[in-house]
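Note on naming: letters A, B, ... go to the chains in the order of the sequence lines (proteins, then strands), and numbering restarts at 1 for each one. From a predicted model like this one, the values you see are computed outputs, not experimental measurements.
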Amino acid sequence: MNHWLMKSEPESFSIDHLARAPRKTTCWDGVRNYQARNMLRDEVKRGDLAFFYHSNCELPGVVGIVEIVREGYPDHTAFDPEDHHFDPQSDPQNPRWFMVDVKLVRKFPRVVSLRELKEYAGNKLSGFRLLAKGNRLSVMPVSAAHWKFVNSISEAK
DNA sequence: GCCAACGTTGGC
DNA sequence: GCCAACGTTGGC
C-alpha cells in the first residue's frame, strides 16, 4: 500500500466539503499537470491512503486522511465546456486527464501546518517532496516514515 | 530543439 | 495582492 499527498484549495474544496459529501466520497477532479496525472492514472491504487492538504489559504497544511476508493479513470470535467477545468484537447476517445475517487477516513483534530512541517525538514521529514523548494505538484508520494511521523504529530499539541 | 512569452501555483 | 518558481506554448 502506498501513501500520497493531495492538494486542494479549501475555498474550492475543503476537507469539510468532503465530510458533508454523500458517503463522504468525492471524485478528485481538476488535476491538470502531467506528472500528477501520471500518478493518478498509473500509480495511485484502491486502498492507498493520502493526506488531504489545504493549499493557497490562510493556514496551509495537512488537515486529514482520505482513502482511494476508485482508481484512475478519465476526468470528465475536461469534456465539459461549462466546467472551469474544461480542456478542448482532451478527447473522450483518448482522455488526457484522469482522476480518482477518495473517501474521508478522518479529519485531524488540528491542522498540521506547512510552517510546522518545515521545522522537521532537516531531520524527520528530510526528503519530503512537499518541502522541496519550488514544489508545485498537487499529487505526490509520501514515504512510509514520513507518513507515520506526520500522523504522530497530528495527535500532539 | 531552443527559448521567450505567457499562464499557473501557492506561500507569504 | 505580490511575486518567485515552474510548466506549457509556439515561433523560428
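Both A:Leu131 and A:Val111 are members of a single hydrophobic cluster when ILVMFWY side chains are connected at heavy-atom separations under 4.5 Å. Residue A:Ile68 is not grouped with residue A:Trp97 when hydrophobic side chains (ILVMFWY) are merged at heavy-atom distances under 4.5 angstrom, including chains of intermediate members.
Between A:His146 and A:Phe128, the ring-plane angle classifies as tilted under the 30° and 60° cut-offs.
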Quiz item: What string of B, S and - do you get for nucleotides 5-10 of chain C, 5' to 3', when a contact is any protein heavy atom under 4.0 Å?
Solution: BBSS--
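A side-chain donor-acceptor contact under 3.5 Å links A:Arg32 and A:Thr77.
No more than 12 heavy-atom neighbours from other residues, nucleotides or ligands sit within 6.0 angstrom of CZ on A:Arg46. The environment of A:Arg96 atom CZ is dense: over 12 non-hydrogen atoms of other residues, nucleotides or ligands sit within 6.0 angstrom. Atom NZ of A:Lys148 has 12 or fewer heavy atoms from other residues, nucleotides or ligands within 6.0 Å.
A:Phe52 and A:Trp4 have their aromatic ring centers separated by at least 6.0 angstrom.
When rounded to the nearest whole Å, the span between CD of A:Glu58 and P of B:dG11 equals 13 Å. Between the CD atom of A:Glu9 and the C1' atom of B:dC12 there is a distance of 14 Å, given to the nearest Å.
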Quiz item: If pairs are Watson-Crick or G-U with both distances under 3.5 Å, what is the dot-bracket string of DNA chain C, marking crossing pairs with [ ] and pairs to another strand with |?
Solution: ||||||||||||
